[in-house]
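Beneath this line is the structure, given in structure tokens, with notes to follow.
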Amino acid sequence: MINRNRSSLKSIAGADYSSRRYLSLKQELLLATAPTLTILSIMALVEVLSRQRFLFASLAVSAFLIYLDPHHGSNTARSLILSQLMAAAIGLFASFALGAGYSAAAAAMVITIVVMIVLDVVHPPAVATSLVFAFSVSSQNNLILFSLGVGAITLLVELERFALWLLVRPLMGREE
């Protein structure tokens with residue numbers, strides 16, 4: 001059944017964005033450090049284990065979206081995990097069923113978008129994930145490796161929320 005609440009399209013209840021405008025450039029760069037280091041670590045792991053360089057491009061976008069707005073519904077652990085893993089599986093299945101190429105990519109993209117909306121797990125970078133898996137002759141090992149990357153990015157969701165809280169906590173009492 002379709003969730004009429006559409007929580008993945010809204011900010012998380014109680015999220016306060018007003019104090020973020022007080023962050024300095026240095027604080028914003030500090031906040032961007034965790035996603036950057038996470039993606040660089042994942043890229044190094046992928047290079048060592050599979051050399052599938054495009055496998056994690058959409059996770060890099062996920063990491064930056066989490067930095068930008070860790071309190072948005074599309075960046076929750078639920079939306080991230082379900083949409084990314086579902087998109088990878090859909091892309092992999094389309095590649096096997098239709099052969100790696102444009103037909104598989106088109107089918108995977110459309111199915112991914114529809115399922116994300118129906119399940120209320122909209123996370124836009126997952127569309128790119130479906131394309132990467134549909135265009136490549138991927139193995140199940142890449143799906144496992146990708147799942148580990150999704151796990152690392154999921155930890156980043158909570159890390160970014162905590163880091164933002166730490167940075168804005170001293171600013172909470174300031175007047176405009």
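Positions are given from 1, in the same order as the sequence printed here. Treat the numbers as computed from the prediction; the structure is a model and nothing was measured.
- Shown here for F146 and L85, the closest heavy-atom pair between the two residues is CD2-CD2, 4.3 Å.
- A distance-only check finds no donor-acceptor pair linking the side chain of T129 to the backbone of A88 [under 3.5 Å].
- Annotation: the span from L92 atom CG to S130 atom OG amounts to 12.0 Å, rounded to 0.5 Å.
- L25 belongs to a hydrophobic cluster with L29, counting contacts under 4.5 Å between side-chain heavy atoms of Ile, Leu, Val, Met, Phe, Trp and Tyr, direct or through other members.
- In this structure the side chain of I113 reaches within 4.5 angstrom of the side chain of V127, judged on heavy atoms.
- In terms of modelled atom types and a separation under 3.5 Å, the side chain of T154 and the main chain of V150 share a donor-acceptor contact.
- Partners of T112 by side-chain hydrogen bond (donor to acceptor under 3.5 Å, both in side chains), not counting sequence neighbours: none found.
- Distance OG1/T76 to CD/E158: 9.5 Å, rounded to 0.5 Å.
- Here the CG atom belonging to L119 is positioned 10.0 Å from the OG atom belonging to S79, to the nearest 0.5 angstrom.
- Proximity of I117 to V122: side-chain heavy atoms (C-beta onward) are separated by under 4.5 Å at one or more points.
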### Task
Test side-chain contact (heavy atoms from CB on, under 4.5 Å) on I153 and I39 and set out the steps.
CA-CA 8 Å; I153 299 298; I39 292 302; 3.6 Å; yes
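- Linking ILVMFWY side-chain heavy atoms closer than 4.5 Å, directly or via other members, places L131 and F93 in two distinct hydrophobic clusters.
- Panel note: side chain S41, backbone L37; a donor-acceptor pair is recorded below 3.5 Å.
- Scanning all heavy atoms of the two residues, the minimum distance from Y67 to E28 falls at OH-OE1, 2.7 Å.
- With sequence neighbours left out, the side-chain contact (heavy atoms from CB on, under 4.5 Å) criterion links L159 to A34, L156.
- Distance check, rounded to the nearest 0.5 Å: CG of D120 to OG of S74 gives 10.5 Å.
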Let me have the donor-acceptor pairs involving side chains of residues 99-111, under 3.5 Å, with sequence neighbours excluded, atom names and distances please.
none

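- With sequence neighbours excluded, the residues satisfying side-chain contact (heavy atoms from CB on, under 4.5 Å) with L40 are T36, M43.
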Side chains of residues 59-66: which donor-acceptor partners sit under 3.5 Å, not counting sequence neighbours?
residue : atom : partner : partner atom : Å
S62     : OG   : S58     : O            : 3.2
S62     : OG   : Q84     : NE2          : 3.0
S62     : OG   : H123    : NE2          : 2.7

